[in-house]
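Reminder, nothing fancy here: chain letters follow the sequence lines and each chain counts from 1.
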Amino acid sequence: MSKAPQFGLNVPQSEAVMYLDGPCLVLAGAGSGKTRVITQKIAHLIEDRGYDPRTIAALTFTNKAALEMQERIAKLLKQPRQAKQLTVSTFHSLGVKILRQEANGVGLKDRFSIMDADDCGSLIQDMAISTDKQLIRRIQTDISLWKNGLVEPVIALQNAKDEDEAQSARIYASYVATLSAYQAVDFDDLIRLPVELFRNNEPIRDKWQRRLRYLLMDEYQDTNTCQYELVKLLVTGVGKKPMFTAVGDDDQAIYAWRGASVENLKTLQTDFPDLQVIKLEQNYRSTTRILQAANAVIGNNPKLFDKKLWSEHGLGEPIKVLGMANDDQEAEQVAIMISADHFDRKNKWSDYAILYRGNHQARVIEQCLRKERIPYSISGGQSFFDKAEIKDIISYLRLLANTDDDPAFIRAVTTPRRGVGQSTLEVLGTFSGQWQCSLFEAVFKGGIEGKLIDRQLLPLREFCNFINNLETRASRPGPSGSGDNAAQVLDDLLEAINYESYLYDMFDERAAQSKWQNVLEFTNWLKDRGRGGKDRDGDEKNVLELTQMVALMSMLEGQDEEPDAVRMSTLHASKGLEYPHVFLVGVEEGILPHKGDPDAPAETIGARVQEERRLMYVGITRAQRTLQITWCKKRKRGGEQVHCDPSRFIKEMELDVGTAAPMESEVISPKERLARMKELLATPKT
DNA sequence: CAATGCGACATTTTT
DNA sequence: TGTCGCATTG
């Protein structure tokens, strides 16, 4: 084992990989190879330091990142199969793993449900006795922020600074109680409950500390208080050296609004005084000019750690800043520029990316791209698992796994319609409330006969018997394992409820067909997991485990976009990605930086602008070779065109003389464009 | 009174 | 593009 740089790493990268004397923080600038450090370090732990792969955990924020990381590690190992023994997962998956084994320790039954944001939203709707979408969302985010900040309902109420917050806090209290009655947890609980458990139960905490000896965290700047606390609890023990590597970049912290706390970076230094801090400043992605602009912009933020990116890629082409007359022209010009450049440089379409602040900005651009016949794909589209037809099926699975899951019960019993209506459910709900039992249980409880007439009660009982039968079959081991059985049960379920004809009854031919297609895709996907085929743990999963896993999925993996298309993405969704040619559009005051709440407290405005600045920084650093920034003098808002100013961030870029002032756009006239196109078409491609 | 339809309008998003 | 609220209709 040598101390010299190896594996083709640079000096600080290699240092970060080799450092194992204690806790380690890697400050990895954009494009500095942070994922390489994590993957190489894991390989190093296994190959050179004799770590058992089962005792190493790498934590990410998305399933996609986890999957990617695991694949990359497998390629580095002499025995790639060892990668399967690692825990490479999201924080939330780790939480489920812990809760599954320790459910009793936090007052949960072995069978608990994971409720998605929609379910939680309707719970809150019931408790707030309001349908105001804004209000519900506000309460929901309040509660989520409290949970992520480890603030108990009582404390939240005490510290409430206005009536709105007090209302949220009161609902928070009954929300927690309701979830517990359902034997359900929400996403935040997946991390909060393990924290609670480890705080109160030393032996269990010890057990997990022995189980996970080395921890690595990706995107550490995005962790919230709760996640950090979980890490701390896993990593610190009496007479034990904390062993972990956190990788992050304070300049790319863009999720404060959902509870992430960059302060966790600073806290790390005070909590672990012997923390080794290693900076990665060499950038392997962009030209020097792009990095200069990025450094200049971010230089306007107060810095937690001093850091300056540099690269060996040469100066590169100047950054262009184009002021457009309005948003229509902006979209048109971007489309034309991409089209022309694509032919000029003979690039792939996928070499281009258009980045914007808000999803709605994509609309105009989309139309222009279509008009120009430029293939495009929009990232972050609607999540497959959020589609109504998928959630319908999942509600049955959830109910099979946990009959206390009232939201699942309501959805399943009413979809497809089987003669159970609103009034029946209301009576059942009141009854179950009086007896402190689940809706499912209430159906068979003595006394319910007096409340419901046969026409209401019989379909309920038929439904519950149906679920009970399925449940018995699902938990019985099948011919070749439980996974096989889960798949079989699912097929029978779909047939028994006649879901396909339900879809054709409810929707027109085209919609029903595509929905049914989705259902089939989903069941096939589940069957693969159930059989352990594609699954990383290789375990066969029963209905309960499958259901819990599905709850944590947002995108369908492998559902890749068009291979050769211009990528359109929000700035947030572009983090971690890179493109040869980037167009940053709508860079105006009010959009980037976005104007927040007009009545937000003054002291928070500075922090907001700083986060917007980091967003700009993320956008700039996505570009490898060229970067074009556009802004509009006028923009459609409401009925009429509204005046706009270029973003302050444009000035902050301190561009080379000549491009510093926003240039008038050199509008390519349609005539000229036509001529150019003809010319291009006349030149035979070689 | 409920269902449908149309116009106005947009932070950012994962689990 | 998708949702929300308001208005019109059966």
Side-chain angles (χ1 to χ4, degrees), chain A residues 59-66 89-97 99 114-121 131-138 140-141 144-145 147-148 185-192 218-219 222-224 226-227 230 252-260 327 355-367 369-370 376 378-388 422 548-555 568-576 586 588 590-598 600 608-609 611-616 618-619 635-640 642:
Chain A
L59 299 178
T60 63
F61 280 90
T62 66
N63 291 308
K64 193 175 154 221
S89 76
T90 59
F91 274 93
H92 292 85
S93 300
L94 176 65
V96 173
K97 200 168 178 170
L99 285 185
I114 301 168
M115 302 226 302
D116 65 37
D118 278 353
D119 292 317
C120 299
T131 52
D132 180 350
K133 225 19 208 312
Q134 288 248 296
L135 178 74
I136 304 303
R137 230 189 66 178
R138 205 205 67 224
Q140 205 169 359
T141 53
S144 182
L145 288 175
K147 283 196 174 190
N148 290 330
V185 298
D186 62 20
F187 287 134
D188 303 323
D189 288 335
L190 294 176
I191 297 154
R192 194 183 59 103
D218 195 15
E219 306 281 14
D222 289 338
T223 51
N224 58 43
C226 191
Q227 287 158 339
L230 181 64
Q252 291 187 75
I254 52 175
Y255 286 110
W257 53 272
R258 68 181 199 204
D327 44 349
L355 306 180
Y356 37 82
R357 177 64 230 262
N359 281 311
H360 62 279
Q361 290 173 266
R363 201 184 120 241
V364 206
I365 297 166
E366 219 185 325
Q367 286 169 344
L369 291 178
R370 220 171 320 182
Y376 65 87
I378 299 182
S379 86
Q382 268 317 289
S383 150
F384 181 81
F385 292 86
D386 275 346
K387 293 177 191 291
Q422 191 58 42
Q548 290 178 342
M549 183 177 75
V550 162
L552 295 183
M553 293 294 178
S554 63
M555 303 303 183
M568 295 175 61
S569 166
T570 61
L571 286 165
H572 283 92
S574 76
K575 193 165 78 156
E588 293 140 42
I591 293 183
L592 184 68
H594 193 273
K595 57 163 168 30
D597 275 346
R608 276 198 107 87
V609 171
E611 179 149 316
E612 298 289 312
R613 187 173 282 117
R614 292 192 289 267
L615 209 43
M616 179 76 180
V618 166
R635 180 174 289 276
K636 275 194 296 294
R637 229 166 61 219
E640 261 325 289
V642 173

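- In this structure, of B/dA10, B/dT13, B/dT15, it is B/dA10 that holds the atom nearest to the side chain of A/Arg363.
- Protein atom CD of A/Gln140 is 16 Å distant from nucleotide atom P of B/dT15, rounded to whole Å.
- Per the geometry, NZ belonging to A/Lys636 stands 13 Å off P belonging to B/dC9, to the nearest Å.
- Residue whose closest nucleotide on DNA chain B sits further toward the 5' end, between A/Phe61 and A/His572: A/His572.
- Taking each heavy atom of A/Arg357 and A/His594 in turn, the nearest pair found is NH1-CB, 3.2 Å.
- Following rounding to the nearest Å, A/Glu611 (CD) and B/dT12 (C1') show an atom-to-atom distance of 9 Å.
- Within the structure, a side-chain polar atom (N or O) of A/Thr570 is placed less than 4.0 Å from OP1 or OP2 of B/dT13.
- Taken to the nearest 0.5 Å, the NE2 atom of A/His572 stands 5.5 Å off from the OH atom of A/Tyr255.
- Residue-environment remark: CZ (A/Arg137) stays at or below the threshold of 12 foreign heavy atoms within 6.0 Å.
- Of the candidate nucleotides B/dT14, B/dT12, C/dT1, B/dT14 has the atom nearest to the side chain of A/Arg258.
- Computed from coordinates, the A/Leu571 CG to B/dT11 P distance equals 16 Å when rounded to whole Å.
- A/Met553 CE to A/Asn63 CG: the interatomic distance, rounded to the nearest 0.5 Å, is 4.5 Å.
- The side chain of A/Asn224 places no N or O atom within less than 4.0 Å of a non-bridging phosphate oxygen (OP1 or OP2) of B/dT14.
- Which of B/dT15, B/dT12, C/dT3 sits closest to the side chain of A/Trp257 comes down to B/dT12.
- A/Met568 places a side-chain heavy atom less than 4.5 Å from the side chain of A/Tyr356.
- Every stem involving DNA chain B, taken as at least 3 paired positions in a row under the Watson-Crick or G-U wobble test at 3.5 Å, is listed here: B:1-10 with C:1-10.
- Note: NE2 (A/His594) to P (B/dA10) measures 9 Å, nearest angstrom.
- Closest to the side chain of A/Phe187, from the set B/dT14, B/dT11, B/dT15, is B/dT15.
- Distance check, rounded to the nearest 0.5 Å: CD of A/Gln361 to CG of A/Leu571 gives 8.5 Å.
- Between the P atom of B/dT13 and the CD atom of A/Gln252 lies a distance of 16 Å, rounded to the nearest Å.
- Spacing between atom CG of A/Asn359 and atom P of C/dT1 amounts to 13 Å, rounded to whole angstrom units.
- The CD1-P distance, from A/Ile254 to B/dT11, rounds to 18 Å in whole Å.
- Atom OG1 of residue A/Thr62 and atom CG of residue A/Asp218 lie 8.5 Å apart, to the nearest 0.5 angstrom.
- At least one side-chain nitrogen or oxygen of A/Asn63 sits closer than 4.0 Å to the OP1 or OP2 atom of B/dT15.
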